[in-house]
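To start, the structure under review is shown below, and the notes come after it.
Both counts, for ligands and for their atoms, begin at 1 and track the order of listing. All of these numbers come straight from a predicted model, not from anything done at the bench.
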Amino acid sequence: MRNPSKAAPLGLALDATGREPLHRQIGAELRRAILERRLAGGMKLPSSRLMAVELACARGTVLLALEQLIAEGYIVARPGSGMSVAADLPDEMLAAPAPAIQGPPRQAATMRAGPDAALRIGQPDRDFPFPLWAKLLEAEWRRPSWAIAGMPHPFGHPGLRAAIADHLGALRGFRCDPAEVVVTTGIRESVTLLARLLLAPGEQAWMEEPGYPGIRLALEAAGVRAVAVAVDEAGFVPDRAMALAPGARLAVVAPAHHFPLGIVLSLQRRLALLAWAERTGGWIVEDDYDGEYRYSGRPLSPLRALDRSGRVAFVGSFSKLLFPALRLSYLVLPRALAGPAEVALAGGGASMLGQGALARFIAEGHFAAHLRRTRRIYAERQAAMIEAMRTHCADRLTIVADPGGMHLVARPLGEFDDAAAVRAAASMNLAPSALSVCYASAPACHGLLLGYAALPVAEMNAAVRRLRAALALARN
Ligand SMILES: Cc1ncc(COP(=O)(O)O)c(C=O)c1O
């Protein structure tokens with residue numbers, strides 16, 4: 001998952017999976033750009049919201065970086081006219097060569113796979129019904145009420161919140177009140193918001209090892225210390241977590257489908273985690289990032305459905321289910337948090353632009369139909385990928401079926417450097433992710449995460465043959 005993102009106007013190179021917190025990377029890169037005069041004195045900077053979009057991170061992360069640079073005098077902020085590079089930095093500060101700032105390793109532009117690259121995780125099928133989407137947007141925005149266009153509730157569109165509550169009741173097996181549903185721009189934003197509400201800076205939260213590096217960043221954005229707890233074949237191990245960080249007050253887990261290994265958290269572990277929360281007043285964030293995709297076996301009840309004492313927040317997202325630029329996701333709050341969350345989000349919240357259209361998309365049955373269609377084709381694509389991998393890459397990688405999700409994990413049979421494999425793959429416009437970056441501490445297992453959901457069956461063999469050629473390239 002080495003994923004250097006580049007903000008075109010600013011030219012920042014970030015390593016979303018590096019150990020350095022993202023806000024520090026952004027701060028260091030901006031400082032370097034100012035010192036090297038790539039950003040001239042007086043130049044107006046894009047808004048923090050735009051920077052966050054370009055850098056694919058939370059706006060809060062960008063704001064943390066900007067606040068530091070404002071405090072240091074590199075950037076000036078003027079009410080009403082935004083932020084600009086300080087015009088009066090002393091010349092000796094600007095003298096080349098720029099000081100060596102410890103930053104993430106830079107990769108040559110040729111190493112970056114394009115937006116159409118195959119095998120990228122989290123990419124859904126491209127055949128989304130956009131003409132229908134455009135009609136729903138138009139229907140919603142031709143004459144919007146002022147409650148939508150002018151005075152939106154910070155928790156989001158009431159129709160969408162009700163549609164989400166209905167969907168969860170019908171498909172995920174738990175009832176919730178639309179008043180507990182908050183629309184957000186992503187799961188990471190949901191996690192940061194919850195961590196801010198529930199913990200004080202410096203407190204500890206457990207996360208899974210391996211796990212999604214974005215969760216660590218989301219916790220750190222709230223000033224919370226993430227403690228990585230190794231999973232086993234039954235998933236997250238509460239006993240291990242309690243021994244490692246007994247004072248932790250929050251657990252972030254993906255029980256339906258662990259990322260990246262696909263483990264379903266056993267019922268016994270679910271109950272142990274809930275008992276911990278009840279006993280200690282701890283909190284659980286249930287990350288249901290791709291729980292809608294299950295192809296065989298029965299899903300276990302979500303933690304939220306088993307939660308008797310209101311300790312579980314459930315977070316999910318539409319972006320990977322529909323199309324990534326949608327950036328609409330949701331969190332279901334523990335009831336006691338509705339008041340504090342409203343205070344924390346006052347005057348904020350996700351953009352209303354797509355919310356009403358999404359509410360109609362769900363209420364009119366298009367969402368259920370879309371899930372039925374994509375479940376069928378993703379199951380076919382997964383099977384096709386397994387067959388192609390066994391045909392073309394069996395001497396290097398083994399792969400086993402996963403009862404759910406949108407990606408597979410390929411494990412090496414011998415010595416294997418997954419970062420080198422990812423770089424070689426990028427040069428062939430393939431974008432698998434490295435398993436090793438999902439580990440917070442050594443030793444990390446190496447392997448490749450292969451997204452198959454966006455790849456039609458007819459194109460599977462060709463992509464996997466290119467992967468084989470890339471693996472040969474990485475070896476030499
Ligand atoms: C475990 C997990 N949680 C959450 C997300 C998505 O986070 P966001 O909605 O912030 O993009 C992902 C994406 O890969 C994930 O793997």
Inset, instruction - Between Met406, Lys320, Met207, Arg327, flag the one that comes closest to atom 14 (O) of ligand 1 by a heavy atom. - result: Lys320
Legend entry - Per-atom contacts, ligand 1 versus Gly186 - under 4.0 Å to a heavy atom: 9 (O), 10 (O)
Legend entry - Polar contact flag, side-chain donor to acceptor under 3.5 angstrom, His407-Gln123: no
Legend entry - Aromatic ring proximity Trp206/Trp276, centre distance under 6.0 Å: yes
Inset, instruction - May I ask you to say whether Glu180 pairs ionically with Arg304, meaning some side-chain N is under 4.0 Å from a carboxylate O? - result: yes
Legend entry - Nitrogen or oxygen of Arg188 less than 3.5 angstrom from that of ligand 1: yes
Inset, instruction - Please work out which of Ile187, Asp287, Leu217 has its closest non-hydrogen atom nearest to atom 3 (N) of ligand 1. - result: Asp287
Inset, instruction - Would you check if the distance from the ring center of Phe174 to the ring center of Phe314 is below 6.0 Å? - result: yes
